[in-house]
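The structure under discussion appears below in the form of structure tokens.
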Amino acid sequence: MDIGGADALVVAVVGVLGTLLSALLTQRAADHSRRREHERAERARTRAREAEERRAGYVALNTASRQYLAALTDQVHTLLRGEDAPTVRQRLTEARDVHRDVYAEAQMRLPDTVLDLAGEVTHALGTVYGRLRRLDDGDPRPGDSLDVARAEIDTLWERLRVLRRGMRSDLGVVPDRPAPDAADPVDPVAPRASSGR
């Protein structure tokens, strides 16, 4: 074989190898790109699922807290009227049990900032519950009265609003801006206060 033919053969082999390597590298890059896209999509699905689970936990905690507080309020009204209402007492016990279960689950899922608020509300709910049970049983402690319980309940409604704002903030919900009053000039740059709801 002459040198020119050997050169042509080497060039042909190099060309074929180059073409094969190019196809192989292109395929590997495409596989890598698909794998990265799949991982990105999986992370997005995981984040969405976690966000939905957190939102569902917040809804459950908000609902259970409000129902517990409403049942406490009903118990105060029953005691103020001097009635013996076993159905009100039963509803209060059930609301307390539901709240306890929801809060126990929330303790495993909520971030510390929200859990601290929820813990404060839960403790305050338990304090009012204990006070009302003692009053209902006719065995009050010093300082136990329906007026004290009513004041604590009023405070608890505000604490629930604070907890709800904390949960909404964690979920990234932006507070509604109040509609501007037609008589007030609107400064488009000035920050607006939250409605507090």
Side-chain angles (χ1 to χ4, degrees), residues 51-184 192-197:
E52 180 54 32
E53 287 172 358
R54 183 174 285 181
R55 188 193 72 74
Y58 285 162
V59 168
L61 182 60
N62 185 56
T63 301
S65 298
R66 292 176 62 82
Q67 288 174 345
Y68 189 6
L69 189 51
L72 288 167
T73 302
D74 290 346
Q75 181 69 11
V76 165
H77 291 294
T78 299
L79 292 173
L80 283 170
R81 289 189 302 265
E83 297 174 355
D84 182 31
T87 56
V88 173
R89 215 176 282 119
Q90 179 63 31
R91 180 174 166 248
L92 175 57
T93 300
E94 289 170 0
R96 178 178 154 254
D97 291 346
V98 168
H99 182 270
R100 181 196 58 227
D101 294 344
V102 169
Y103 179 66
E105 185 171 331
Q107 287 177 307
M108 299 298 112
R109 294 177 173 254
L110 301 185
D112 288 342
T113 54
V114 178
L115 188 57
D116 290 344
L117 294 171
E120 291 170 10
V121 167
T122 297
H123 178 73
L125 286 165
T127 299
V128 176
Y129 176 82
R131 186 178 316 283
L132 290 177
R133 287 298 306 184
R134 289 188 299 273
L135 288 168
D136 190 27
D137 292 342
D139 190 23
R141 291 182 185 166
D144 283 349
S145 74
L146 290 175
D147 288 337
V148 169
R150 286 169 63 179
E152 289 171 330
I153 286 172
D154 289 343
T155 301
L156 265 165
W157 284 112
E158 178 55 35
R159 289 175 107 169
L160 276 178
R161 282 189 283 278
V162 170
L163 173 59
R164 189 174 56 242
R165 281 192 297 266
M167 291 186 292
R168 288 170 52 93
S169 175
D170 182 54
L171 292 173
V173 177
V174 178
D176 293 334
R177 295 178 183 262
D181 187 355
D184 293 337
R192 304 289 297 205
S194 169
S195 65
R197 289 186 283 166

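Residue numbers start at 1 and run along the sequence shown. Just so it is clear, the model here is predicted, and its values are computed rather than measured. For the numbers below, each heavy atom of this structure counts, side chains included, while hydrogens, waters and symmetry mates do not.
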Report the C-alpha distance between Thr73 and Arg150 in whole Å, list the side-chain angles of each, state the deciding distance to 0.1 Å, and finish with yes or no for side chain to side chain contact (heavy atoms under 4.5 Å, CB included). CA-CA 8 Å; Thr73 302; Arg150 286 169 63 179; over 6 Å; no
Worked verdict on Arg165 versus Glu158 for salt bridge (charged side-chain N to carboxylate O under 4.0 Å, His left out): CA-CA 11 Å; Arg165 281 192 297 266; Glu158 178 55 35; 3.4 Å; yes
Identify the two heavy atoms, one from Arg131 and one from Ser145, that lie closest to each other, and give their separation to 0.1 Å. CD-O, 3.9 Å
Checking Leu110 against Leu61 for the side chain to side chain contact (heavy atoms under 4.5 Å, CB included) test, could you report, in this order, the C-alpha distance in whole Å, the side-chain angles of both residues, the deciding distance, and whether it holds? CA-CA 11 Å; Leu110 301 185; Leu61 182 60; 3.9 Å; yes
Kindly give the heavy-atom pair with the smallest separation between Ala85 and Thr78, and that separation in Å. CB-CG2, 3.6 Å
Do Arg133 and Arg89 have side-chain heavy atoms sitting under 4.5 Å apart? yes
Would you give the length of the straight line joining atom CZ of Arg164 to atom CZ of Arg159, rounded to the nearest 0.5 angstrom? 15.0 Å
Which heavy-atom pair separates Gly143 from Val148 by the least distance, and what is that distance? O-CG2, 3.6 Å
Could you grab the distance from atom CZ of Arg100 to atom OH of Tyr129, nearest 0.5 Å is fine? 10.0 Å
d(Asp116 CG, Leu163 CG) to nearest 0.5 Å is 11.0 Å
So how far is it from Asp139 CG to Asp144 CG, rounded to the nearest 0.5 Å? 9.0 Å
Under the criterion side chain to side chain contact (heavy atoms under 4.5 Å, CB included), I'd like the reasoning laid out for Glu120 against Val162: C-alpha separation, chi angles, the key distance, then a yes or no. CA-CA 11 Å; Glu120 291 170 10; Val162 170; over 6 Å; no
Arg141, CZ atom: more than 12 neighbouring heavy atoms under 6.0 Å: no
For Leu115 and Ala106, work out which heavy atoms get closest and say how close. CD1-O, 4.2 Å
Does atom CZ (Arg54) have a neighbourhood of more than 12 heavy atoms from anything else shown, all under 6.0 Å? yes
Output the distance between atom CG (Leu80) and atom CD (Gln75), rounded to the nearest 0.5 Å. 10.0 Å
Out of the candidates Asp147, Leu132, Thr127, only one should pair with Glu152 under the side-chain contact (heavy atoms from CB on, under 4.5 Å) rule; please name it. Thr127
Could you pull out the closest heavy-atom pair between Val114 and Gly166, with the gap in Å? CG2-O, 3.8 Å
Residue pairs fulfilling salt bridge (charged side-chain N to carboxylate O under 4.0 Å, His left out) with at least one residue in residues 59-77, sequence neighbours excluded: Asp74-Arg91
Nearest 0.5 Å, what's the CG-OH distance between Leu160 and Tyr68? 12.0 Å
Val98 and Ala64 have their tightest heavy-atom pair at CG1-CB, 4.2 Å
Test side chain to side chain contact (heavy atoms under 4.5 Å, CB included) on Arg96 and Leu125; report intermediate values, then the result. CA-CA 9 Å; Arg96 178 178 154 254; Leu125 286 165; over 6 Å; no
Determine which pairs satisfy ring pair (Phe, Tyr, Trp, His ring centres under 6.0 Å) with at least one residue from residues 101-128, sequence neighbours left out, and list them in order. none
